[in-house]
Student: 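I'd like to ask you about the structure that follows.
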Amino acid sequence: MKFSANLGFLWADRPLPDAIRAAAKAGFDAVECHWPYAVPAAEVKAALNETGLPMLGLNTVRGDVEAGENGLAALPGREADARASIDEAIAYGRDIGAGKVHVMAGFAEGPEAEAVFLANLRHACAAAAPHGMSILIEPLNRYDAPGYFLTTTDQARGLIEAAGAPNLKLMFDCYHVQLMEGDLTHRLQALLPLIGHIQFASVPDRGAPDHGEVSFAHVFEVIEGLGWMAPLGAEYKPTGPTDDSLGWLASFR
Ligand SMILES: O=C(O)C(=O)[C@H](O)CO
Ligand SMILES: [Mg+2]
């Protein structure tokens with residue numbers, strides 16, 4: 001199996017270029033991030049070149065975080081901000097060679113939010129396609145993100161089908177899907193053609209994948225059996241220094 005270090009959580013106490021170097025030193029095959037925008041893309045690219053690690057993806061900005069925003073793309077009346085955030089993420093991703101942009105929906109509900117989200121996703125897919133990039137949407141669980149627009153894989157499937165864009169894909173985060181729906185391995189199998197990236201963390205505490213209610217030894221074996229070759233995203237919150245949390249990495253290789 002190949003693994004990608006999610007630098008939104010792993011080595012999050014270090015500047016992003018140093019976190020990339022730490023991930024390379026620890027033996028990861030790739031990295032991914034959340035919101036890299038405060039760091040000039042050239043510095044991120046230099047660290048990627050130095051280590052040889054690819055950056056898989058990044059997120060659109062959340063908006064006004066202090067006011068509690070968690071994405072803009074499904075918010076009626078915020079289309080201009082949402083599209084600016086999408087264009088920003090695509091441009092930054094292009095500069096650092098990241099092929100996937102996770103477009104964050106935000107806190108919203110109802111048919112108007114769905115129509116706005118779909119229109120913004122179509123814009124994102126059209127803007128990303130000429131650069132060979134894909135757009136991801138990710139259902140988040142109701143405990144961590146109550147009120148988030150996108151919460152289930154069924155809802156994501158409906159949006160992907162309605163958008164009709166081949167570069168719109170599902171971010172299947174095993175942590176969120178287990179909390180909302182369970183039945184991880186059947187869902188991975190059924191949704192495989194729609195999946196653009198897979199992430200994981202222990203459930204329910206979002207720690208390293210070596211404890212909790214999900215056996216990742218089994219889940220990873222199933223993912224491998226499905227022919228999935230891309231690195232799996234380690235998006236968990238270490239309880240201490242990240243380097244002390246990595247016992248799982250060697251055991252799952
Ligand atoms: O929360 C997650 O699981 C994510 O992957 C988002 O990108 C960050 O909120
Ligand atoms: Mg995730």
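Each ligand, and each atom within it, is numbered from 1 in the order the structure gives.
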Student: May I have the step-by-step check of side chain to side chain donor-acceptor pair (under 3.5 Å) for His197 and Asp173, ending in yes or no?
Tutor: CA-CA 8 Å; His197 186 48; Asp173 186 332; over 6 Å; no
Student: Keeping Arg21 on the side-chain end and Thr51 on the backbone end, is there a donor-acceptor pair under 3.5 Å?
Tutor: no
Student: Distance alone, cut at 3.5 Å: any donor-acceptor contact between the side chains of Asp144 and His176?
Tutor: no
Student: Provide the number and element of each atom of ligand 1 under 4.0 Å from a heavy atom of Gln199.
Tutor: 5 (O)
Student: Numbering the atoms of ligand 1 from 1, which are under 4.0 Å from a heavy atom of Asn59?
Tutor: 6 (C), 7 (O), 8 (C)
Student: Quick one: sort the Tyr236 and Trp248 rings into parallel, tilted or perpendicular, breaks at 30° and 60°.
Tutor: perpendicular
Student: Can you tell me if Glu109 has over 12 outside heavy atoms packed within less than 6.0 Å of its CD?
Tutor: no
Student: Do any protein N, O or S atoms sit under 2.8 Å from the Mg ion (ligand 2), and which ones are they?
Tutor: Glu138 OE2, Asp173 OD2, Gln199 OE1, Glu235 OE1
Student: What are the atoms of ligand 1, with element, lying closer than 4.0 Å to any heavy atom of Glu235?
Tutor: 2 (C), 3 (O), 4 (C), 5 (O), 6 (C), 7 (O)
Student: Would Asn120 and His123 count as having a side-chain donor-acceptor pair, cut-off 3.5 Å?
Tutor: no
Student: How close does the nearest protein non-hydrogen atom get to atom 6 (C) of ligand 1, and which residue and atom is it?
Tutor: Glu138 OE1, 3.3 Å
Student: With heavy-atom distances below 4.0 Å as the criterion, list the atoms of ligand 1 near His176.
Tutor: 1 (O), 2 (C), 3 (O)
Student: Identify the heavy atoms of Ala156 and Leu170 that sit nearest to each other, and give their distance.
Tutor: CB-CD1, 3.8 Å
Student: When you check the side-chain N and O atoms of Thr60 and Glu88, is any donor under 3.5 Å from an acceptor?
Tutor: no
Student: Against heavy atoms of Asp173, which atoms of ligand 1 measure under 4.0 Å?
Tutor: 3 (O)
Student: Numbering the atoms of ligand 1 from 1, which are under 4.0 Å from a heavy atom of Arg206?
Tutor: 1 (O), 2 (C), 3 (O)
Student: Search all heavy atoms of Leu10 against all heavy atoms of Ala234 and return the closest pair with its distance.
Tutor: CD1-O, 3.8 Å
